[in-house]
Amino acid sequence: MKAITDNLLLIQAEQLCEQRSVRMTPLRMEVLRLISQQNGAISAYDLLNLLRQSEPHAKPPTIYRALDFLREQRFIHRVESTNSFMLCHHLTEPLHTSVFFICDRCGLVTEQKTKNTKNIMKRMASTAGFFVFHTVMEVHGLCLSCHSAV
């Protein structure tokens, strides 16, 4: 089921690029495909190692340029605390607010979209005389599998 959903997201990303008149190069699509195959987040260097299986001469700037493009198009998220990247499952809602739940044992990262959190943050920011441009919310703990193993 995950493979089907992720394939649909890749097709959707290509369609969004056409609508936005931006170029989804084969390399960018390959990086997005590699990210989509992950069960959670992956580091840039781990992505580079995977990419080198099909692009043996790929260098760090190659992967970072692709990641920058994919982030600008809001196809992926950067998980700040682990400096890793994961597929966005809400491509048609580019300005959504998400909370990332990060398992400190196995590294699984799960994205949950939320509306109420964004409103709460806006109210808090307004009280503080602050204007929010970007919010990253990350929660660390244990996933169900790791918690059950304790």
Using 0.5 Å steps for rounding, measure from the [atom1] atom of [X] to the [atom2] atom of [Y].
| X | Y | atom1 | atom2 | answer |
| --- | --- | --- | --- | --- |
| T25 | R65 | OG1 | CZ | 10.5 Å |
| I35 | L87 | CD1 | CG | 7.5 Å |
| I42 | N49 | CD1 | CG | 8.5 Å |
| I63 | Y45 | CD1 | OH | 10.5 Å |
| E14 | E18 | CD | CD | 7.0 Å |
| L108 | L142 | CG | CG | 11.0 Å |

### Query
Below 4.0 angstrom, N of the basic side chain to O of the carboxylate: do E30 and R28 qualify?
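Salt bridge between E30 and R28, a charged N being under 4.0 Å from a carboxylate O: no.
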In terms of hydrophobic clustering (I, L, V, M, F, W, Y; side-chain heavy atoms under 4.5 Å; direct or indirect links), are [X] and [Y] co-clustered?
| X | Y | value |
| --- | --- | --- |
| M124 | V139 | no |
| V31 | L16 | yes |
| I76 | M29 | yes |
| L8 | M86 | no |
| M137 | V132 | no |

So [Y] and [X], do their side chains get closer than 4.5 Å, heavy atoms only?
| X | Y | value |
| --- | --- | --- |
| L67 | L47 | yes |
| L48 | K59 | no |
| N39 | V109 | no |
| L27 | E55 | yes |
| Q38 | L50 | yes |

Closest non-hydrogen atom pair, [X] against [Y]:
| X | Y | answer |
| --- | --- | --- |
| V79 | I102 | CG1-CD1, 3.6 Å |
| H89 | E111 | N-OE1, 3.5 Å |
| S81 | H140 | OG-NE2, 2.9 Å |
| S36 | L10 | OG-CD1, 4.1 Å |
| R23 | F69 | O-CZ, 3.4 Å |
| C88 | L9 | O-CD1, 4.0 Å |

Result block: side-chain N/O donor-acceptor pairs under 3.5 angstrom for residues 143-150, not counting sequence neighbours:
from	atom 1	to	atom 2	distance (Å)
S148	OG	L144	O	2.8

Okay, side chain of [X], backbone of [Y]: is any donor-acceptor separation there less than 3.5 Å?
| X | Y | result |
| --- | --- | --- |
| T127 | R123 | yes |
| T117 | T114 | no |
| R20 | Q73 | yes |
| E138 | E80 | yes |

### Task
List for me each residue that meets side-chain contact (heavy atoms from CB on, under 4.5 Å) alongside A13, sequence neighbours excluded, and say none if there are none.
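Checked A13 against side-chain contact (heavy atoms from CB on, under 4.5 Å); matches are M24, L32, F75, L91.
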### Query
Can you find a side-chain donor-acceptor pair between R78 and N83 that sits under 3.5 Å?
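Checked: R78/N83 side chains pair up, N/O donor to acceptor below 3.5 Å.
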### Query
Are the ring centres of H77 and F100 closer than 6.0 Å?
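H77 vs F100: aromatic centres under 6.0 Å.
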